[in-house]
S.K.: 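Below you'll find the structure I mean.
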Amino acid sequence: MKYWLIYGGDEKPEEDQKQPGPRKGKAGHKALETFYSGSTIAEAIKAGTESYGAVTSEDMQAVKALRIVLQNYFSQTVSDGWEIKAVEREYSIGRYKGIIDVIAKHGKRVFMVDHKFQQSTQTNHLHFDPQVSFYLMLAQKLALPVSGLLYNIIPTGLSAKGKPNNPVRTFLQRSKRFLAEYETDLVIQISEMDNFHSNPRPYRNFTKDCVWDCQFYQECLEAMEGIEWQNRPQISKPIRLVS
């Protein structure tokens, strides 16, 4: 249903830009994009905080906290020694398209970087994370000379004393077999999306994370008023992802 609201309907609702999480992530990405494009730390922090679009006193507090988070990130990582190959570059092949935050080289290793501004620094889900799998699949299909993806978590929360937490980085790879099975499942999902255009009968997200993970939650409730949900269509065969 989220897919349909974004891509399928005639009138597409705007994403909720008032929520602090998405705004903080957008502003943080802008800061890192500016820095990795060759600007100074001060210029990067200014670009990020301006991108937040502070208006209220709460916004100003959020911007202050973001500035602390960014300053800590840059102080921790300015000596990484990365040779930047690309920043915010879009790649596509067929119906697959993605924007990679950074492609960097360190020593002999070239890798993709995906920035995440979030409260949680849990990483045990990343070996099956679909976005990570998608970027690695895209890189493989395009024969990009990368050895994997660095998942770059910048914690947005501050301690009771107002101190930021250090970034958490996890280097991830996928086997060819894993990516082949992932793409098989993805092709089935694309088929479901195509069918949805001609017969938009909604079904619930099987991960059941609508409340906290969908910016169209209220819009969806209103659109679905009086309409009965159907069960998720059965895929043609079960997919077992292997590492």
Side-chain angles (χ1 to χ4, degrees), residues 21-22 24-41 43-45 47-48 51 66 68-93 96-157 164-183 186 213 241-243:
K24 197 176 295 183
K26 178 183 177 183
H29 272 80
K30 183 63 178 179
L32 268 60
E33 176 188 355
T34 303
F35 175 73
Y36 287 119
S37 295
S39 297
T40 66
I41 292 176
E43 291 169 338
I45 293 176
S51 176
L66 178 64
I68 294 172
V69 167
L70 289 171
Q71 187 66 58
N72 180 69
Y73 174 79
F74 290 128
S75 68
Q76 293 288 323
T77 62
V78 69
S79 60
D80 281 336
W82 291 355
E83 180 185 345
I84 304 302
K85 297 293 187 180
V87 179
E88 293 291 325
R89 182 170 295 177
E90 181 178 299
Y91 294 90
S92 63
I93 180 170
Y96 304 140
K97 180 170 67 174
I99 298 176
I100 298 174
D101 291 338
V102 168
I103 294 181
K105 181 179 181 182
H106 187 254
K108 295 183 179 180
R109 172 180 283 181
V110 179
F111 51 91
M112 299 178 287
V113 183
D114 189 31
H115 307 310
K116 295 295 181 184
F117 285 82
Q118 56 193 45
Q119 290 275 356
S120 172
T121 57
Q122 294 293 322
T123 60
N124 54 355
H125 69 288
L126 294 178
H127 295 289
F128 295 97
D129 182 86
Q131 187 180 35
V132 171
S133 298
F134 179 81
Y135 283 136
L136 291 171
M137 181 201 72
L138 187 63
Q140 178 180 272
K141 295 184 76 66
L142 291 169
L144 297 180
V146 297
S147 59
L149 182 143
L150 186 70
Y151 199 86
N152 186 29
I153 300 176
I154 299 96
T156 57
N165 296 307
N166 292 335
V168 176
R169 290 173 165 177
T170 304
F171 186 75
L172 298 156
Q173 296 174 307
R174 299 282 194 267
S175 69
K176 290 183 178 180
R177 183 180 175 188
F178 185 108
L179 293 179
E181 293 192 353
Y182 168 78
E183 186 175 10
L186 194 61
D213 194 36
L241 294 178
V242 294
S243 61

S.K.: Grab the two heavy atoms, one from Gly48 and one from Ala27, that are nearest each other, plus how far apart they are.
M.R.: O-CB, 3.1 Å

S.K.: Check Ser133 against Leu179 and note the closest heavy-atom contact, atom names and distance.
M.R.: O-CD2, 3.6 Å

S.K.: Excluding sequence neighbours, so at least two apart, what forms side chain to side chain contact (heavy atoms under 4.5 Å, CB included) with Ala86?
M.R.: Arg89, Tyr91, Ile103

S.K.: Can you name the side chain to side chain contact (heavy atoms under 4.5 Å, CB included) partners of Thr34, sequence neighbours left out?
M.R.: Lys30, Ser39, Ala44, Ala47

S.K.: Do the side chains of Gln71 and Ile45 get nearer than 4.5 Å, heavy atoms only?
M.R.: yes

S.K.: If the condition is salt bridge (charged side-chain N to carboxylate O under 4.0 Å, His left out), which residues does Lys141 pass it with, not counting sequence neighbours?
M.R.: Glu183

S.K.: Rounded at 0.5 Å granularity, tell me how far CG in Leu32 sits from OG1 in Thr77.
M.R.: 7.5 Å

S.K.: Could you check whether any side-chain heavy atom of Leu66 comes within less than 4.5 Å of a side-chain heavy atom of Thr156, counting everything from C-beta outward?
M.R.: no

S.K.: Side chain to side chain contact (heavy atoms under 4.5 Å, CB included) with Thr121: which residues, sequence neighbours excluded?
M.R.: Ile153, Pro155, Val168

S.K.: Salt bridge (charged side-chain N to carboxylate O under 4.0 Å, His left out) with Glu88: which residues, sequence neighbours excluded?
M.R.: none

S.K.: What pairs with Lys97 under salt bridge (charged side-chain N to carboxylate O under 4.0 Å, His left out), at least two apart in sequence or on another chain?
M.R.: none

S.K.: So which heavy atom on Gln119 is nearest to which on Gly157, and how close?
M.R.: OE1-CA, 3.5 Å

S.K.: So how far is it from Thr170 OG1 to Leu150 CG, rounded to the nearest 0.5 Å?
M.R.: 7.5 Å

S.K.: Could you give the distance from CG (Leu149) to CG (Asp101), rounded to the nearest 0.5 Å?
M.R.: 9.0 Å

S.K.: Is any side-chain heavy atom of Tyr182 closer than 4.5 Å to one of Met137?
M.R.: yes

S.K.: My understanding is that only residues two or more places apart in sequence, or in another chain, count here; which of them pass ring-ring contact (aromatic ring centres under 6.0 Å, His included) with Phe35?
M.R.: Phe74

S.K.: Does the ring of Phe111 carry Arg109 above it, NZ/CZ under 6.0 angstrom from centre and within 45° of its axis?
M.R.: no

S.K.: Less than 3.5 Å apart, which donor and acceptor atoms pair up between the side chains of residues 125-132 and the rest of the protein, not counting sequence neighbours?
M.R.:
from, atom 1, to, atom 2, distance (Å)
Asp129, OD2, Gln131, N, 3.1
Asp129, OD2, Val132, N, 3.0
Gln131, OE1, Lys116, NZ, 2.6

S.K.: Write out all pairs satisfying side-chain hydrogen bond (donor to acceptor under 3.5 Å, both in side chains) with one or both partners inside residues 144-154, taking only residues at least two apart or from two chains.
M.R.: Tyr73-Asn152, His115-Asn152, Asn152-Arg169

S.K.: Any chance you could measure Asn165, atom CG, to Asn72, atom CG, to the nearest 0.5 Å?
M.R.: 8.0 Å

S.K.: Quick one: side chain to side chain contact (heavy atoms under 4.5 Å, CB included) partners of Ile84, sequence neighbours excluded?
M.R.: Tyr36, Trp82, Val87, Val102, Ala104

S.K.: About how many Å separate OG of Ser75 and CG of Asn166, when rounded to the nearest 0.5 Å?
M.R.: 7.5 Å

S.K.: Taking only residues two or more places apart in sequence or in another chain, which ones pass side-chain hydrogen bond (donor to acceptor under 3.5 Å, both in side chains) with Lys85?
M.R.: Glu83

S.K.: At their closest point, which heavy atom of Gln173 faces which heavy atom of Gly148, and how far apart are they?
M.R.: CG-CA, 4.2 Å

S.K.: In chain order, what residues pass the side-chain hydrogen bond (donor to acceptor under 3.5 Å, both in side chains) check against Glu43, with sequence neighbours excluded?
M.R.: Thr40

S.K.: I want to check something: taking the side chain as every heavy atom from C-beta on, are Leu186 and Tyr96 in contact at a cut-off of under 4.5 Å?
M.R.: yes

S.K.: Calculate, to the nearest 0.5 Å, the distance between atoms NE2 and CD1 belonging to His29 and Ile154 respectively.
M.R.: 7.5 Å

